[in-house]
Structures are given as structure tokens and as C-alpha cells.
Amino acid sequence: MALLDIRNLHVSVEGTEILKGLNLAVDAGQVHAIMGPNGSGKSTLAQVLAGNSDYEVTDGTVKLGDEDLLELDASERAGEGLFLAFQYPVSIPGVSNTYFLRAAYNAVRVHRGQPEMDPVGFINYLRPKMAPLGMTKEMLRRSVNDGFSGGEKKRNEIFQMSVLEPKVAVLDETDSGLDIDALRLVAEGVNAMRSPERAFVVVTHYQRLLDYIVPDVVHVMVDGRIVRSGGKELALELEDKGYGWVEELATDGEAVTA
Amino acid sequence: MPTATATVEEMARQQYKYGFYTDIESDSAPPGLDEDIIRFISAKKEEPEWMLTWRLEAFRHWQTMTEPDWANVHYEKPDFQKIVYYSAPKSLADGPKSLDEVDPELISTYNKLGIPLEEQLILAGVAVDAVFDSVSVATTFKDKLAKQGIIFCPMSEAVRDHPELVQRYMGSVVPRTDNFYAALNSAVFTDGSFVYIPEGVRCPLELSTYFRINAASTGQFERTLIIAEKGSHVSYLEGCTAPMRDENQLHAAVVELVALEDAEIKYSTVQNWYPGDENGKGGIFNFVTKRGICEGARAKISWTQVETGSAVTWKYPSCILKGDDSVGEFYSVALTNKFQQADTGTKMVHLGKNTKSTIISKGISAGRGQNTYRGLVKVAKGAENARNYSQCDSMLIGDRCGAHTFPYIEVANPTGQVEHEASTSKIGEDQLFYCASRGISEEDAISMIVNGFCKEVFQELPMEFALEAQKLLSVSLEGSVG
């Protein structure tokens, strides 16, 4: 059984349909990449999975293990082990990063029926997770994402992921705005977390990230649907032929269905 | 309460029959205000003649004044002839016999705030032995203070026992003619606190942490006077995080602080009067005049307030910086939710040379709350090198509330430096979603963001008070979104 199982998902924003019957099954231990041109619905998928109520699910099902994800609100989904690394992380002035992380970590623990962790215990838990992502004490003291550079924000997202240890992590264009060193750092952070119990959905526009986070499956998304799936070589083929190629595939596909 | 009405009506008839002020045995005055009522109050409190004269003069002046309407608040003006200006504190025997008899909603709020059971009993007015334990603790502290020559007593006691101090300082900072409500308070004030710190003494404890429960009986026209002699130091805590219900709708307190050379007064308030129900009905009107004077050189007065209660708040704790190198500070968090309205801020009046003032104001509006910051920074002609820094931040939660800022700046000396920064932010849906995606519920996210917003003010509060204030904000914001 797939860890994340999306079937016939239809999603609208303000009356416009963005996802038009999307199917995706990700097994535990796998990394799936989702690629596609701008406006194909990649980020919509990420937001819908995380539970953003601006998006209206009009049809379909999403299961995380045995849980019906669509029945849960955003914080419950996090508790059940879903994590979204935001394309545009939000800043929260006045709330320190450490405080925020501990609040999140304890909220998730409480959801799982575990006791909350005290501040000292939490710092000890954080410490070994910092260096691999280049997180400094100063970054933990600062307000959440406030005044962070683009690269710092993305590193902070992956750091949060390593703290919350989700079952399914969705990375929404985590590579955008990263220079090559930061990209490597982030990719190493993700790779270090790959495990047989965990699955990743990596949304990206460019093949570059997939040199570092090597996917098991690559999907190409066009106009709200997955039009082609394949191995990691599909990403290279895309890079080579451009998105025009898959857009043609999408049109053909529609002709066939019609 | 039919009995209460009957009693009042009876009293009113008595007044006609016998002439009122002779009836010294009765427990409360009939509604209304005239010179006889003031004589009655003064007689009840066994005041000396000078105090009565002082009150009457205030009353005569008050009659010539009209209620101010410049504040950005809207309410039905109180009918001053319908208010009862004196009633003796209720005896414990009349109160509930146990917490089972107390409004469960109130108890639930006490528990959310983490108020210990013993204090809950006192706050709710339950007559049990536990109450007396607290009183004896209070007495122990009083003895400790007395050894250092510190006077800390009810105002009515100070009027009788320390007339020279009261006569010298009462009304010296807030004159009886200062404003409508100050004049009213001067005429009819019932009680309050009096504090005197002798020269060079550092008050060994935060005044009123143990005594704050007394606030339950101070009544609607409170009058507080704190005098810090040369080189002395005192920190005073007023109020209580527990919600206070009161049958009196109008509260008009006056607080005066006098800091002499090198003295320091820190005055912290947490105000949580009943704000009214879901529809904005009921609720306390809190019209307060608070002012301190740095009389001597290098004196310092610091006001910190956390205002979460009352239906209407009208309050500007101010500093007159008369002594050279004196310092004034104002740190404020004002929260309005439901239909609450607050018009609050400060006045910093720089008279002496090298005087400095800091204003940090955080206004939070939720529900249909309206929050106004109003502040004056005045640099007089002779105030060489005066400096002020003001920061006014507003936070909006939801889209039916409002935040307003009215800074007034008057500088009459070219060496003055006045800085003003202001910001308005909104707790955004994107922030709440971001928190939710990390497992943090909406209510926890709001309280986390609000507490972060208020951090600069909370860190000015004594530790224990700051923790309570944080919880208080969370409880006050419950249900403010969605």
C-alpha cells in the first residue's frame, strides 16, 4: 500500500479548476519528483496536501497511510506526519525560531500522544541537527524567517523538517533562489533523512536539484494532471527537449481521452 | 435585586425625612451627588476638617466642568446623579460560602490563568479560613516595611495618621481642577493606597504582590499617592490578572507619583476589569488620571501597563520631567477585543535639562475592538538637550477592528531630539497557515505571535507578573478569530 495515495484529485481556486483529476501513489522509502512548466499546478498540489483552505477540493481522495487526509485540518495533518517545505516561507516577527520550533515539535508530540519536551531537553535535541544544515545559534535566536536571506529561509525549512521528522515531506521548489553551495547543503539534509519509512515529494522546475536528490520516480505535470511518469532519466529528457515536448503530450492525451 | 432597590428607595426617603448626613449608621449613600453626600463620605471615613474642605472645593469646581468628548471612544455618558458614591465593603458573611456558589465561567477563567485556589477564594469573595491566612502574611510584610520607615497603608488611614504628607502632596501632581474625572475623584474618592519611602531606602519587596487582592474592595474612585524621597526606590504593582466584576460601571481613579532627587518609582499595572458581554453590554468605564513628577534631578519614573479589560478605557499615565537629567518611561500593551474601546497613551513633559523619555506602546485590536494611541511629547523652552524616543506598534486581528495613532509633538527648544516610529501589522492568514502546517493550532499561533509582539513591554514587568500577563492575553484573545 502506498504511504501517500492521491486519487482523481480535483481542486479549484476561486472557481477556476487547477488540478483536474490527479493521481499519484508514493511508497514509503521513495522519492518522487514532480516537474512541469509554470502554472501546471505543482504548487497547488503542495498547498492542498498541507491543508491550505484557500483551495477547494471538489473531487477525489488523499490518503496518508490509513488516514483520510482531506478530513483533517492543517495542524492535524502535521501531527499525522505530513510536512511541507514552503516555496515562500512566512516570517513571524517577534517569535524566536527556537520558540517556534519547540511549539511545533511539542504540538506534534502531543498529537501523537507523547509528552511535551522541556526547553533544555529540546536544545539538546536540536544541537546535532544544526551543523549539517549550517544553522547557527544566531539563526535560532532570530525571529522566524524575519530578515533571513532566501538561502537561510530554505535551510530553515529543511531544518524544521529534520526537527519534526515527518512521514511524508513535500518540498515545494526548495531549490529556487539557492546558490550551488546552499543547494548542496539542502540536498544533503534531505538525503540524510531518506529512510525506508519515509517518503518525499520533491516539486521542482529544474533538473538541477535532482542531481543531488536522486529520485526513484519522476512525474511530469501539465495542466493539472500527471501526463508522464518514468525513472530519473525522464528528468534529463525533459531538460533536453524542454516543456514544449510534454505539453504536446498533454494535448495528445486529451485527444485520446476525448 | 429587589431588596437592594428597596433599601436605596428607603434611604432616599430617609434623606427627605431627617436630612441625610446625620444618618451615619447606614452602610451606603443614596444615589446622587451633592455636598451632603460628600460630607457623608468624609464623616464615614472620620476625616479631618481640611480633607472635607479639599473635597468640597473639588466638587464645586467639578460642577463648573463638562465631560470631555475629545477621546476616540463612544459610549453612553453616565448619569452622575444615579451613581452611589459610597457603600461600605460587603462583609464576608454575605459572600458565597464556597466556590460551588460562584459563577462557573469565572472559575474556569481563574483556572486558565493558573490562579492558586487560595487566591480564587479571595477573589470570588468566599468566606473561609484560607482568607485569613493571607491576611496574616500581609501583616508580616507590613511589619518588615515599617522597620525601614516605609509607610504603606490605605489612603483613608494616611489622611488620619500622616496628614502632613497627604496635605503636602495630594493634588500636587494631578490638581483637583486638572480634568473632569480627576475633579470628580477628588470630591468623592473612597480609598486607595498610600506609599512613602524615606530617603535612601530601597523598598525590599514589590509592593502589592501580596496585597493585590485588596484591590477587590477599593471601589470605583480609587486614589493612590506614592512619594519616593531622595535616593529611594520602589516598585509598585497594581491590579490583578483575574477578571474583576464590579457592579459599579464607572471607575475614575487618580494616581500621583512624586520622585525626588535620585529616586526611582516603577509602577506596573495589569488591568482586567469586566469588558462587557459578547454584544458589548455592561462592562466597566475606566477613566483614569495617572501622573508622576520627577521633582528632583536624576529621578526616574517608569509606567508599565497591560490593559485588557474594561468596555471603555481612557488613560494616559504621564511623566513631568522637572528635575535635570530625569527619566520617564512608558511601556504599554493595550488589547481590545469584542466591543472594547481604548484610548490610551502617555504625556512626557520635558522641563529639565538633559531629560530623557521612552515610549513603547503596543496596541492589539481583535473582534470589533477599537484601539487608539494618543501621546504627547512636549519639550519646554528651558529643556536643553531633551530626548525622546517613541515607538507605537499596532496589531490587527481580523478585519472588523481598528487601530488609530495620534502622536502630538511640541518642541520649544531647538536642542530637543524627538523620534517617533510607528507600525501597523496584521496577523495574516499566511502566518496562521504556516504555523498550522507545523502542527500549531490557530489559538496557540495567535497567542504566540501576540506575545512576541508584546515582548518589549512584558520584559519590563516583574517576572511573575509577566508570565501572568502572557496567559492573560491568550485568554483574552480566545475565539477572536474564526
Side-chain angles (χ1 to χ4, degrees), chain A residues 46-55 72-97 99-112 114 116 142-146 153 156-157 159-161 163-166 169-170 172, chain B residues 306 331-333 335 360-364 391-399 421-460 463 466-467 469-471 473-474 477 481-482:
Chain A
Q47 292 284 316
V48 167
L49 289 177
N52 188 335
S53 55
D54 292 346
Y55 297 82
L72 306 177
D73 70 26
S75 62
E76 292 166 333
R77 293 181 196 196
E80 288 299 322
L82 186 98
F83 181 88
L84 169 64
F86 279 56
Q87 183 180 3
Y88 303 109
V90 179
S91 60
I92 309 176
V95 178
S96 83
N97 225 352
Y99 187 90
F100 177 77
L101 279 167
R102 192 165 71 88
Y105 183 65
N106 279 333
V108 167
R109 282 178 70 94
V110 167
H111 185 91
R112 293 174 188 165
Q114 297 167 320
E116 293 195 14
R142 272 152 64 184
S143 296
V144 182
N145 293 321
D146 196 26
K153 282 183 189 172
N156 199 28
E157 291 292 287
F159 182 59
Q160 290 180 19
M161 178 176 80
V163 169
L164 296 179
E165 299 185 328
V170 181
D172 189 7
Chain B
V306 177
Y331 299 96
S332 167
V333 168
L335 180 146
I360 308 283
S361 161
K362 305 279 180 177
I364 302 156
Q391 185 188 326
C392 302
D393 298 322
S394 307
M395 178 172 268
L396 302 171
I397 303 173
D399 50 17
E421 283 182 26
S423 77
T424 303
S425 57
K426 195 169 179 221
I427 292 190
E429 290 297 325
D430 56 340
Q431 286 177 322
L432 295 178
F433 175 58
Y434 189 69
C435 293
S437 79
R438 302 301 182 245
I440 302 167
S441 72
E442 190 165 83
E443 274 182 4
D444 288 348
I446 290 174
S447 103
M448 183 173 76
I449 294 169
V450 166
N451 280 317
F453 176 72
C454 300
K455 202 154 55 182
E456 288 155 285
V457 174
F458 286 165
Q459 65 198 16
E460 293 298 324
M463 186 62 153
L467 293 176
Q470 278 191 19
K471 275 196 220 155
L473 280 201
S474 306
L477 279 168
V481 170

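A, B, ... follow the sequence lines: proteins, then strands. Residue 1 opens every chain.
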Choice from [options] maximising heavy atom contacts with chain B below 4.5 Å:
options	value
A:A104, A:S143, A:P166, A:P89	A:A104
A:E76, A:R77, A:Q160	A:Q160
A:L82, A:D73, A:V108, A:I92	A:I92
A:V110, A:L164, A:N106, A:N52	A:N52

message: Is it the case that over 12 heavy atoms from other parts of the model lie below 6.0 angstrom from the OH atom of A:Y99?
response: no
message: Using every non-hydrogen atom in the two residues, find where A:F100 and B:C435 come nearest and quote the distance to one decimal.
response: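 Scanning both residues, the minimum pair turns out to be CE1-SG, 3.8 Å.
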field: Considering all heavy atoms, the nearest B:L477-B:L335 contact
entry: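 The pair with the smallest heavy-atom distance is CG-CD1, 3.7 Å.
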task: Could you tell me whether the side chains of A:N145 and B:Y434 share a donor-acceptor contact shorter than 3.5 Å?
output: yes
message: Looking only at side-chain N and O atoms, does A:H111 offer a donor or acceptor that is under 3.5 Å from a partner on A:E80?
response: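 Distance-only check passes for A:E80 and A:H111.
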field: A:S91, part contacting chain B, at a heavy-atom distance under 4.5 Å
entry: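 Backbone only.
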- prompt: So which part of A:V144 gets closer than 4.5 Å to some heavy atom of chain B, the side chain, the backbone, both or neither?
  reply: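 The side chain, not the backbone.
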message: Is there a side-chain contact between B:Y331 and B:E456 in this structure, where contact means two heavy atoms from C-beta onward sitting under 4.5 Å apart?
response: no
query: Pick from B:S437, B:C454, B:A436: which one has the most heavy-atom pairs with chain A under 4.5 Å?
result: B:A436
